[in-house]
Structure formats: C-alpha cells, structure tokens
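Report on the following structure.
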Amino acid sequence: MADRTRPDLSDDRDGPLASSLTALAKAEAACTRCPLYQHATQVVPGEGPRRALILFVGEQPGDREDQAGRPFVGPAGKLFDRALQDAGIERAETFVTNAVKHFKSQMRGKRRLHSKPNVYEIERCNWWLEQERGLVQPRLIVALGATAARALTGRTIKISSVRGQLQRLPDETALVITVHPSSLLRVADAQARASAYEAFVKDLAKAQRLCAETR
Ligand code: URA
C-alpha cells in the first residue's frame, strides 16, 4: 500500500509536510502554488475531525465560502447538509474539503461568478488534498463532481457511468463518485430536481453503507 503521508507531486519547492490539520491550514493560508490566491479573499481549508471515516471532496469554495473561510456553507452547502441529514450522515463526523482551496471567479458587473478550475490548478492544489488525505486517513472518500473525481484519480471521469459505485484508488482507499450538489440547484424543473436530489441522497447513503462494510 502506498504511503499516503507522502504526496508524489513533490519537487524542490514544495516545502515540508504538515504534521497536523492546524499546521496544514496555516501552510495553506500562505499558498502561492498557482495564481488563484491573488484574487480570493482567503484560503478555505478542509474541516472536520482528524480521524473522520468519510472524507468529502468538493470542487472549490464558492463566493460565500471564500468570505467565510469554511467549505460548503453557501447554497450548495445548505443542500449538501440537507442531503447528508436525509442520508443519515452526521456532517460533524466527516471531513469536508475541496479539490481546489481558493475561490476562482470572474467579475460580471459587480458580481463575482464562479469559474471552473483548470487541470493545472487542480494538480497544483493536490499537494494540499494529498496531505489532508494523509492526515485524516479516511476509510472512504466521496468525490462530489467531476473536478473532485479528476483531482483524486488524475483522470477525466464521466460521472453518470460510475456514480454510486465502489471504486478503489491506487492506494486501495475506497472511493465513491457522485454529482456535485450545485448541479441539483441548476435543474430548472421541480420534479426533475426532486428526482436528482433523491438520487444524490441514495449515493450518499450507499457511501455510508460501504464505509461501514469496507476496510
Ligand atoms: N462548492 C464546492 O465545491 N465547495 C464548496 O465549498 C462550496 C461550493
């Protein structure tokens, strides 16, 4: 089994690995590994207990998360919280983070609109995600959406063809891929949105079940 405390992205400029989540958040706050830090308010580190069994990975902080400095506290976060509750998962017992730790946005008038991180930004930020994985050592990881799936697997993945299935990362950590909660907010038709929500809750409940069964 690969040593999860040793990200394989290291080069001479990576610096030391953090020995605690607090030290990691401090190191992340000084991150200049890609240009995204220049326009974000602050870094948004992952949060949750060090020995959480499930680690959730989102895409990147949104506008609200950028202001609060905490992951999944905006509209997608509210929906995520509700879905976790409906799936019987206690968020406080899980570790919740993002593939990319700074908000990437573009200005439209006075509004900052979400902009998707590119592969370079995802790969540069993997330094932090890998360290979170190393410190938490979750039994199971849930990738919320394509960016998280890309960050964790290094591949472009069609979510609909794998969602809710048990996968294994190269180091054997269990992985479940599902949709990003913000995709549900974009479904215009109420009935289609309700079905999409139900399917999301089902994936989360399955992840929870697999976590209980998996080693
Ligand atoms: N979307 C994400 O992927 N992460 C957040 O923290 C908020 C919205």
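Along the sequence shown, the residues carry numbers beginning at 1. Just so it is clear, the structure is predicted and the values come from calculations on it, not from any experiment. Both ligands and their constituent atoms are indexed starting at 1 by order of listing. All heavy atoms count here, side chains included; hydrogens, waters and symmetry mates do not.
Classification of Glu130 and Arg133 as a salt-bridged pair holds, one side-chain N sitting under 4.0 Å from a carboxylate O.
Among the candidates His180, His114, Lys104, the single residue satisfying the side-chain hydrogen bond (donor to acceptor under 3.5 Å, both in side chains) test with Glu59 is His114.
Closest heavy-atom contact between Pro45 and Val43: CD-O, 3.5 Å.
Here is the list of ligand 1 atoms found below 4.0 Å of a heavy atom in His180: 1 (N), 2 (C), 3 (O). Interface of Gly58 with ligand 1, defined as ligand atoms under 4.0 Å from a residue heavy atom, comprises 3 (O). Heavy-atom contacts of Pro71 reach the following atoms of ligand 1: 6 (O) (cutoff under 4.0 Å).
Atom 4 (N) of ligand 1 has Asn98 OD1, 2.7 Å as its closest protein atom, hydrogens excluded (heavy atom only).
The other residues sharing a hydrophobic cluster with Leu36 are Val100, Ile122, where clustering joins ILVMFWY side chains under 4.5 Å apart.
Evaluated by nearest non-hydrogen atom to atom 8 (C) of ligand 1, the leading choice among Glu59, His114, Glu47, Gln60 is Gln60.
For ligand 1, the polar-atom distance check finds an N/O of Phe72 within less than 3.5 Å of one of the ligand's N/O atoms.
Geometrically, Arg91 does not engage Phe80 in a cation-pi contact defined by less than 6.0 Å to the ring centre and at most 45° from the axis.
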